[in-house]
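Please read the structure below before turning to the comments.
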Amino acid sequence: MTDPINQDAAARNAAQRVLALTAELNRHLHAYHVLDNPTIPDAEYDKLFVELQALEAAHPELRTPDSPTLRVGAAPLPQFEQVTHTVPMLSLNNGFSDDDIVHFDRRVREGLGLDGAEVDYAAEVKFDGLAINLRYENGLFIQAATRGDGATGEDVTANIRTISGIPLRLHGDKIPAVLDVRGEVMMFKADFARLNERQREAGQKEFANPRNAAAGSLRQLDSRITAQRKLRFYAYGIGALDGVAMPVSHSALLDWYETLGIPVSKERKVVQGAQGLLAYYADIGARRPVLPYEIDGVVYKVNATEDQQELGFVSRAPRFALAHKFPAEEALTQVLGIDIQVGRTGAMTPVARLAPVSVGGVTVTNATLHNEDEVLRKDVRVGDTVIVRRAGDVIPEVLSVVLEKRPEPAPPPFKMLEACPVCGSHVVREEGEAIARCSGGLFCSAQRKEAFRHFAGRRMMDIEGLGERYIDTLVELEYVHGLADLYSLTLDKLLEMKVRADERDGSTPETVQQGKIPTKWAENLLAGIEASKRPPLERFLFALGIRHVGESTAKTLAEWLGSLAYVRQAPAALLRVLPDIGGTVAESIADFFAEEKNQQALQALLDAGVTPQGEHAPSAKLRTQLEQTTLLAAIGIPKLTEPRSKQLVERGVTLASLAAQGASFHAGLPAAVAEALAQWLADEGNVKLLAQLDALRNELLSQLPEMPAAGGKLDGKTFVLTGTLPNMSRDEAAELIEAAGGKVSGSVSKKTGYVVAGSDAGSKLAKAQELGVAILDEAGLLALLAQD
DNA sequence: AACCCTCGAGTTCT
DNA sequence: CTCGAGGGTT
């Protein structure tokens, strides 16, 4: 029996030793990786490390969350979890020329209302790596996430923990409750070369460039592999911050990071004005080859935090920052041919087939030529030598033809095909459009394939297991015709298809090869199809592949109309009153549903068990849009503009009365207008449309939830929005106002209660001042909304 | 009518 | 990422 008192003492000693070792090892790591100033020999470090590992193995409860032993990697994850960023990770606007920089500087000075004075900019290098968010809570590293689409990324905590330069516990005493550190993960050029050497020796695939190597390492589900790759991290920005005041400038932020032990690039500088920016660019450009990491440009940010806030954002990019990119690497190669690809909408896109050439570390063999006009403008011909680059360092692009190298005799100029290369249908190019299209519709197997691919896509029905190859086979061997056929596939049919596909391709059927039928993939696919039966309404609408209906328009339809039943029967005029839906888009949607075949295909999907989720009553916001005047004007009757439709309505004309009694109300309208109206009404179809619209309007109105009546602080007040607000879009501001019972209108009059003016406000602001209407800025509006 | 911005559609390679 | 087109503003 051991003595309990001695046992206690031993445990206390172990606890102290673990703490001491953790602190010391972390100090050495920081000195080595961040300060570039090693404090002990590697062998000594390893000895301490092994001692800590042993202690932790004996007393697992003593392991602290910042223990360096956590950095060796953990067992593989099944997958990466999604992480929603507290503050979105935005992108930057790009500049390429001196002019772009001067323009940027001017916009900044205008935005800040500075005339003569030079602006202070924080300038830094733009690493060619991957943007990452590190979350620290009370000083401890909690989570790391990739940028993803900016709103949500993937949880790569286990992988990031293996990067030795990243502190698992922040240093110093100014520790925030919450801190999101934004920065770049990358691989140094030398480490990349060593890694590729190892890969080569091991007979493994080499990486094309340091960026891909870093990305590949970060995407490892097994963080023990990541731990063997030498990744680096440098911070350059901030997301959420809680518990400590925001530093007053970007340079102060980075200084603070240094005191916290977070690695920050040494290549940073505060410069003045456009001249300062250009000088920094030239300096870094000259030293680019000797920097240990790859960069694709430099970044400028207005230094003062306060000024940054004043400048605000345009859509997804801040107005206070600019990425000044180096010119993309270019290469010469030959055009072997120009093929035509047929897209989902029938768009016929010429694609240049190129002799393989390495551009920026990636071998390029194809490059889009966009459309007929583009090919002719650049005059690209088969056999030509062309200059290729990767636009934004990603997508290959033919810059121009080297005419001197054109073969003799000159090849003929490019000519768009007159028949679809896939289905033989004739090709049409609409007046005023740049794109030629195959007229075959779903008869064309290329378009059918694309329709399935779109339908199954991640942002649509998200059918797992249904990739390009299976779609092609399903369509080619005619196992599916319409979208709904997916839902009647069975294991037997899929396996039969596989056998036939193998036979057709001349490969030995796996059935023969292995003596039994492998069914895993087919089971997975069927499970994926089954799992897709309950899509959110907006994704289902998007998946249908209606022209001009993308993610955002589908969302508008779902939000405003609430259910598929209304969307599928809405005439164009009704769709036209929804935000961001104009004539073209409204017609496109109405035409889609007017097509009997489409309605049947839709019904077949519903009958197959596809049930859109999240259907609800139409939005209360629809009420104002359903006013007689608005709807009447939206129909698009010739010459019947909004003010005239208003006149008519004031005289008691309604959709119903027009439909019932024809053109007997238009006394007092200008003759030409009355004439056009009478003519329009003479068409029986139009009268029917009116009646249908009226009926649908009444039904929608009866379904609308009551307007949030009580608590309407802004009841009866009319607002006009103008200019750009710093932190919200006009639409968002309008939503806030309407939610509080206020009304938003387009033009300033005596009846206007308030004008909310942002920057670059124009004539509306002037008119408000003239009429003595109260003027608010964004803060003023928020204050008004906040008071009781 | 001339703009600015956003959205949709097409595309490359790993 | 890029282009073109659509929608909205000035």
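Nothing here was measured: the structure is a model prediction, and the numbers come from that model. Letters go in sequence order (proteins before strands), and every chain restarts at 1.
Across all strands, G583(A) comes closer than 4.0 Å only to sugar-phosphate atoms, never to a base (heavy-atom distances). Residue I435(A) is classed as having no contact, given no heavy-atom separation below 4.0 Å to the nucleic acid.
Side-chain atoms of S223(A) never come within 3.5 Å of backbone atoms of Q220(A) as a donor-acceptor pair (strictly under, hydrogens ignored).
Residues forming a side chain to side chain donor-acceptor pair (under 3.5 Å) with D100(A) (at least two apart in sequence, or on another chain): S97(A). In this view, Q625(A) satisfies the side chain to side chain donor-acceptor pair (under 3.5 Å) rule with no residue, not counting sequence neighbours. Legend: residues meeting side-chain contact (heavy atoms from CB on, under 4.5 Å) with D591(A), ordered by chain and number and at least two apart, are E587(A).
Rounded to whole Å, the distance from CD on E329(A) to P on dC1(C) is 18 Å. Atom pair D580(A):CG and dA5(C):C1' shows a separation of 14 Å (rounding to whole Å applied). Separating the CD1 atom of I589(A) from the C1' atom of dG6(C) is a distance of 12 Å, rounded to the nearest angstrom. The nearest whole Å value for the distance from the CZ atom in R429(A) to the P atom in dG4(C) is 10 Å. Summarising the geometry, the separation between CG on L578(A) and C1' on dG7(C) is reported as 13 Å, rounded to the nearest angstrom. Whole-Å rounding puts the L369(A) CG to dT2(C) P distance at 16 Å. Atoms CG (N94(A)) and C1' (dC1(C)) sit 10 Å apart, rounded to a whole Å.
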Would you be so kind as to tabulate the donor-acceptor pairs closer than 3.5 Å made by side chains of residues 205-213 of chain A, with sequence neighbours excluded?
{"residue": "E206(A)", "atom": "OE1", "partner": "R200(A)", "partner atom": "NH1", "Å": "3.0"}
{"residue": "E206(A)", "atom": "OE2", "partner": "R200(A)", "partner atom": "NH1", "Å": "3.4"}
{"residue": "N209(A)", "atom": "OD1", "partner": "R211(A)", "partner atom": "N", "Å": "3.2"}
{"residue": "N209(A)", "atom": "OD1", "partner": "N212(A)", "partner atom": "N", "Å": "2.8"}
{"residue": "R211(A)", "atom": "NE", "partner": "D128(A)", "partner atom": "OD1", "Å": "3.4"}
{"residue": "R211(A)", "atom": "NE", "partner": "G129(A)", "partner atom": "O", "Å": "3.4"}
{"residue": "R211(A)", "atom": "NH2", "partner": "G129(A)", "partner atom": "O", "Å": "3.4"}

Donor-acceptor pairs under 3.5 Å, side chain of residues 436-445 of chain A to any protein atom, not counting sequence neighbours: which ones?
{"residue": "R437(A)", "atom": "NE", "partner": "T345(A)", "partner atom": "O", "Å": "3.2"}
{"residue": "R437(A)", "atom": "NH1", "partner": "E433(A)", "partner atom": "OE1", "Å": "3.2"}
{"residue": "R437(A)", "atom": "NH2", "partner": "T345(A)", "partner atom": "OG1", "Å": "3.2"}
{"residue": "S439(A)", "atom": "OG", "partner": "H426(A)", "partner atom": "O", "Å": "2.7"}

Contact pattern, 5' to 3', of nucleotides 8-14 of chain B - B, S or - by protein heavy atom under 4.0 Å: SSSBSS-
